[in-house]
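Computed over heavy atoms, backbone and side chain alike; hydrogens, waters and symmetry mates excluded.
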Amino acid sequence: MKIRRLWANILIVLIYAASQLSSLIPLLIYQNDGLTSNELYAKTIPFLVGGFIIAAILVYFVNRSIINETALERSPKERWRYTIIWMVAGLFLALFAQMIMNMINVYIFNQPVESQNTTNILDIARKFPVFIVLISVVGPILEEFVFRKVIFGELYELIKLPRAAAFIVAGAISGLIFSAAHNDVDHTLIYMGMAFVFAGLYVATRRIIVPIVAHMTMNTFVVLMQLVFSDQIEQAAQKAKLSTQFIWLSVKHWL
């Protein structure tokens with residue numbers, strides 16, 4: 001079935017919202033079972049991960065059904081050999097943007113280095129490893145479809161300014177929404193920096209798969225560094241200069 005872009009975008013946003021609410025299902029199922037709060041919390045994780053997986057699949061097929069794509073989507077796609085290069089470069093661009101924005105956030109705006117949002121997410125991943133699937137795979141897929149293809153893409157299409165100006169305005173607005181969705185006001189600048197990188201990858205290649213892969217690899221890198229190699233890197237950072245320690249702190253606290 002083919003549908004128009006407006007209805008597809010509305011449906012994608014609704015599916016994303018529903019995935020966020022999937023953790024409420026066990027509250028309804030087990031509310032009369034006398035479970036402790038910790039036991040009930042443990043029940044919510046599989047539902048949340050499963051909800052995100054189902055949502056990612058649905059969003060993919062809804063996106064494939066659009067009959068009137070934006071001008072950006074209709075533009076000639078970057079050739080695949082260069083697309084792969086952009087995917088790899090996207091990881092380093094995202095990490096670099098995080099580091100720079102974090103330095104500005106800390107030294108100019110006096111905000112904390114650590115992100116409470118990221119700390120909470122990684123704490124969940126330590127207790128429930130299946131949650132890593134959400135962090136590293138399905139979460140980035142949904143976020144890139146919603147925040148880059150739908151929100152940024154529509155704004156970029158609608159804003160009648162030179163393309164560079166339209167990119168800045170659309171990137172700023174979608175970046176603010178992206179940051180708000182992560183509920184981490186103190187680190188809005190960092191999320192906006194990442195949003196501009198992912199939007200730039202999308203515009204440069206005209207392929208949404210590129211920011212998706214860059215986002216996935218960035219999150220996977222952070223998870224690995226924090227959950228698998230954290231102790232070793234902390235020891236190395238303590239022996240290194242302060243700048244190296246700051247880079248490590250900047251990298252390990254952002255998803």
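- Inter-residue side-chain proximity for H187 and S179 is flagged as unmet; no heavy-atom pair is nearer than 4.5 Å.
- Between the CZ atom in F92 and the OG1 atom in T217 there is a gap of 8.5 Å [rounded to 0.5 Å].
- Taking 4.5 Å as the limit, some side-chain heavy atom of Y156 sits within range of a side-chain heavy atom of F167.
- In this structure, E39 contributes its side chain and T36 its backbone to a donor-acceptor pair below 3.5 Å.
- The number of heavy-atom neighbours closer than 6.0 Å to CZ of R163, taken from other residues, nucleotides and ligands shown, is above 12.
- Judged purely by atom type and a 3.5 angstrom limit, S136 has no side-chain atom pairing as donor or acceptor with the backbone of V133.
- Considering only heavy atoms from C-beta on, R5 comes within 4.5 Å of E154 through its side chain.
- I212 places a side-chain heavy atom less than 4.5 Å from the side chain of F145.
- In this structure, L35 is a member of the same hydrophobic cluster as L24, with clusters built from ILVMFWY side-chain heavy atoms closer than 4.5 Å.
- Residues Y16 and V59 have side chains not in contact (no heavy-atom distance under 4.5 Å, counting atoms from C-beta outward).
- Judged by distance alone, the side chain of S23 and the main-chain N or O of L48 form no donor-acceptor pair under 3.5 Å.
- Rounding to the nearest 0.5 Å places CG of L93 at 12.0 Å from CE of M218.
- Around the NZ atom of K127, the shell of radius 6.0 Å holds no more than 12 heavy atoms that belong to other residues, nucleotides or ligands.
- The two residues N105 and D186 make their nearest non-hydrogen contact at ND2-O, 2.9 Å.
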Side chain to side chain contact (heavy atoms under 4.5 Å, CB included) between H182 and E143: does it pass, once the steps are laid out? CA-CA 11 Å; H182 287 81; E143 288 184 351; 3.3 Å; yes

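- The CD1 atom of I3 sits 9.0 Å away from the CG atom of N9 when rounded to the nearest 0.5 Å.
- Looking at heavy atoms from C-beta onward, I124 lies out of side-chain contact with N120 at the 4.5 angstrom threshold.
- Residues I135 and A125 come closest through the heavy atom pair CD1-CB, 3.9 Å.
- Not one N or O on the side chain of R148 forms a donor-acceptor pair closer than 3.5 Å with the backbone of V146.
- Q98 contributes no side-chain N or O that, together with a main-chain N or O of M194, makes up a donor-acceptor pair within less than 3.5 Å.
- Within 6.0 Å of CZ in R74 there are more than 12 heavy atoms belonging to other residues, nucleotides or ligands.
- Considering L224, V49, V223, N219 as possible partners of I132, the one that fulfils the side chain to side chain contact (heavy atoms under 4.5 Å, CB included) test is V223.
- Transitive grouping of hydrophobic side chains (ILVMFWY, heavy atoms separated by less than 4.5 Å) keeps L6 and I66 in distinct clusters.
- Scanning all heavy atoms of the two residues, the minimum distance from G193 to A97 falls at O-CB, 4.1 Å.
- For the atom pair L122 CG and F131 CZ, the distance stands at 9.5 Å (nearest 0.5 Å).
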Could you walk me through whether E69 and E157 pass side chain to side chain contact (heavy atoms under 4.5 Å, CB included), step by step? CA-CA 10 Å; E69 290 283 10; E157 175 91 352; over 6 Å; no

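- The environment of CG in D33 is crowded: more than 12 heavy-atom neighbours from other residues, nucleotides or ligands sit within 6.0 Å.
- Of all non-hydrogen atoms in A214 and L91, the two that sit nearest each other are CB-N, 4.2 Å.
- Relative ring orientation between F147 and F178 is described as perpendicular, the plane-to-plane angle rising above 60° on a 0-90° scale split at 30° and 60°.
- Clustering ILVMFWY residues whenever any of their side-chain heavy atoms sit less than 4.5 angstrom apart, transitively, puts I25 in a cluster other than the one holding L58.
- Under the 4.5 Å side-chain contact rule for hydrophobic residues, I100 and I108 share a cluster.
- In this structure, NZ on K43 lies 12.5 Å from CG on L27, to the nearest 0.5 angstrom.
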Given the rule in the side chain to side chain contact (heavy atoms under 4.5 Å, CB included) test, do I141 and F52 qualify, once you have shown the distances and angles that lead to the verdict? CA-CA 9 Å; I141 292 173; F52 266 70; over 6 Å; no

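- Nearest approach of V138 to L134, heavy atoms of both residues: CG2-CA, 3.4 Å.
- Atom-to-atom distance recorded for N63:CG and L11:CG is 11.0 Å, nearest 0.5 angstrom.
- Shortest non-hydrogen contact noted between L40 and P26 is CD1-O, 3.9 Å.
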Where do N183 and N117 land on the side chain to side chain contact (heavy atoms under 4.5 Å, CB included) test, with the steps shown first? CA-CA 7 Å; N183 193 30; N117 175 68; 5.5 Å; no

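- Looking at heavy atoms from C-beta onward, F152 lies in side-chain contact with V203 at the 4.5 angstrom threshold.
- Taken together through direct or relayed side-chain contacts under 4.5 Å among Ile, Leu, Val, Met, Phe, Trp and Tyr, Y202 and L161 form part of one hydrophobic cluster.
- Side chains of M101 and I104 form a contact here, defined as non-hydrogen atoms less than 4.5 Å apart.
- Within the 3.5 Å criterion, the main-chain N or O of E78 finds a donor-acceptor partner in the side chain of R207.
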